[in-house]
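Notes to accompany the following structure.
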There are 2 protein chains.
Amino acid sequence: MGSQLTELLKGTLEGMVLAVLADGPAHGYEITARLRDMGFSEVAEGTVYALLIRIEQRRLVDAEKMPSAKGPPRKVYSLAAEGRRRLDEFWQTWNFLAERLDQLHEGGMT
Amino acid sequence: MGSQLTELLKGTLEGMVLAVLADGPAHGYEITARLRDMGFSEVAEGTVYALLIRIEQRRLVDAEKMPSAKGPPRKVYSLAAEGRRRLDEFWQTWNFLAERLDQLHEGGMT
DNA sequence: GTGAACTACCTAGCATTGCTGAGTACTGGT
DNA sequence: ACCAGTACTCAGCAATGCTAGGTAGTTCAC
């Protein structure tokens, strides 16, 4: 059994990564670090890299290899037009869900 | 590819069903109907039944067969102690996620 | 009385997603 | 030489929701 958060992250993580990239290009290691800083300390590195490969194949992001001063070359991702659309869609879906969930939570108090 | 909502529902649906049951016992068909009324019109019947069987096996809910006036006998589910704990945990996890997601959304506006 | 529609439940197989646990490779400090 | 930190990849697994069917009982129109 995965943890509660693991299951809730399904579908959400893609949106979060796209949102991070909407803020500017970034490479995988950096994105993982940002997620950890946000409080998602349990997000596995491998998960993020796998996700990045998926969204690159779907043309949601563009990738470019860049040399790094301290380590192997980085793969820098930036949000593509299709990814921007997908991100907007994500926020809509998220709001839809969040509204109803909040209602359920409030309503359940009675 | 599943829809955005489908992926977001992963993990959330269990919490929603537990929340509905926290409001009082209900049977599968009724729970499905309530979810549809809430706006989740695309939630498949089979999904809900499968979920109910899962959470019954995990002792999150108790099940009892009841005769129905208009159709086959119903299986009425009610929240068990373990389910109540799980529901509380769910809301905590949900709030954790929602807070950070909202922050990401706001922050991304700059 | 036959068929449609609604009530009520179940199942096998699939697609997607995140995690585990490993490996590769480059740099810098000790 | 060794280890930590940077940076990426991959195979196999676990959990979840959907598809697409099936079974059964009741009610009502035709």
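Remember, it's a predicted structure, so these values are computed and weren't measured experimentally. What you see below is based on every heavy atom in this structure, not just the backbone, and it leaves out hydrogens, waters and symmetry mates. Residue numbers start from 1 in every chain, and the chains themselves are labelled A, B, ... in the order their sequence lines are given, proteins ahead of strands.
For the pair B/Phe40 CZ and D/dC18 C1', the interatomic distance rounds to 16 Å; values are reported in whole Å. We find that CD of A/Glu14 is positioned 6 Å from P of C/dT17, with the value rounded to whole Å. To the nearest angstrom, P of D/dT19 lies 12 Å from CG of B/Leu9. For the pair B/Leu5 CG and C/dT17 C1', the computed distance is 15 Å after rounding to whole Å. Atom CG in A/Leu13 sits about 17 Å away from atom P in C/dT16, given to the nearest Å. The separation between B/Gln4 atom CD and C/dT17 atom C1' is 13 Å, rounded to whole Å. In this structure, A/Leu51 atom CG and D/dC10 atom C1' are separated by 16 Å, rounded to whole Å. When the P atom of D/dT16 is taken as reference, atom CD1 of B/Ile55 falls 11 Å away, rounded to whole Å.
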In a table with atom names and distances, give each donor-acceptor pair under 3.5 Å that connects a side chain of residues 33-48 of chain A to protein atoms at least two apart or in another chain.
{"from": "A/Arg36", "atom 1": "NH1", "to": "A/Ser41", "atom 2": "O", "distance (Å)": "2.6"}
{"from": "A/Arg36", "atom 1": "NH1", "to": "A/Val43", "atom 2": "O", "distance (Å)": "2.9"}
{"from": "A/Arg36", "atom 1": "NH2", "to": "A/Val43", "atom 2": "O", "distance (Å)": "3.4"}

In a table with atom names and distances, give each donor-acceptor pair under 3.5 Å that connects a side chain of residues 88-97 of chain A to protein atoms at least two apart or in another chain.
{"from": "A/Thr93", "atom 1": "OG1", "to": "A/Glu89", "atom 2": "O", "distance (Å)": "2.9"}
{"from": "A/Asn95", "atom 1": "ND2", "to": "A/Trp91", "atom 2": "O", "distance (Å)": "3.1"}

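Among the nucleotides C/dG18, D/dC18, C/dT17, the one closest to any side-chain atom of B/Glu7 is C/dT17.
Between the side chain of B/Lys10 and the base of D/dA15, no donor-acceptor pair under 3.5 Å is found.
The line from CG of B/Leu101 to OG1 of A/Thr12 is 6.0 Å long, rounded to the nearest 0.5 Å.
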Treating primed atoms plus P, OP1 and OP2 as sugar-phosphate and everything else as base, which nucleotides of nucleotides 4-12 of chain C get B, S or - for protein heavy atoms under 4.0 Å?
---BBBBB-
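Clustering of Ile, Leu, Val, Met, Phe, Trp and Tyr side chains at separations under 4.5 Å places B/Val76 together with B/Met66.
Electrostatic pairing of B/Arg54 and B/Glu14 does not count as a salt bridge here, judged by no charged N lying under 4.0 Å from a carboxylate O.
Among residue pairs with one or both ends in residues 60-81 of chain B, those qualifying as salt bridge (charged side-chain N to carboxylate O under 4.0 Å, His left out) are B/Glu56-B/Lys75; sequence neighbours excluded.
With sequence neighbours excluded, no residue satisfies salt bridge (charged side-chain N to carboxylate O under 4.0 Å, His left out) with A/Arg59.
Here A/Arg54 reaches the OP1 or OP2 of C/dT17: one of its side-chain N or O atoms lies under 4.0 Å away.
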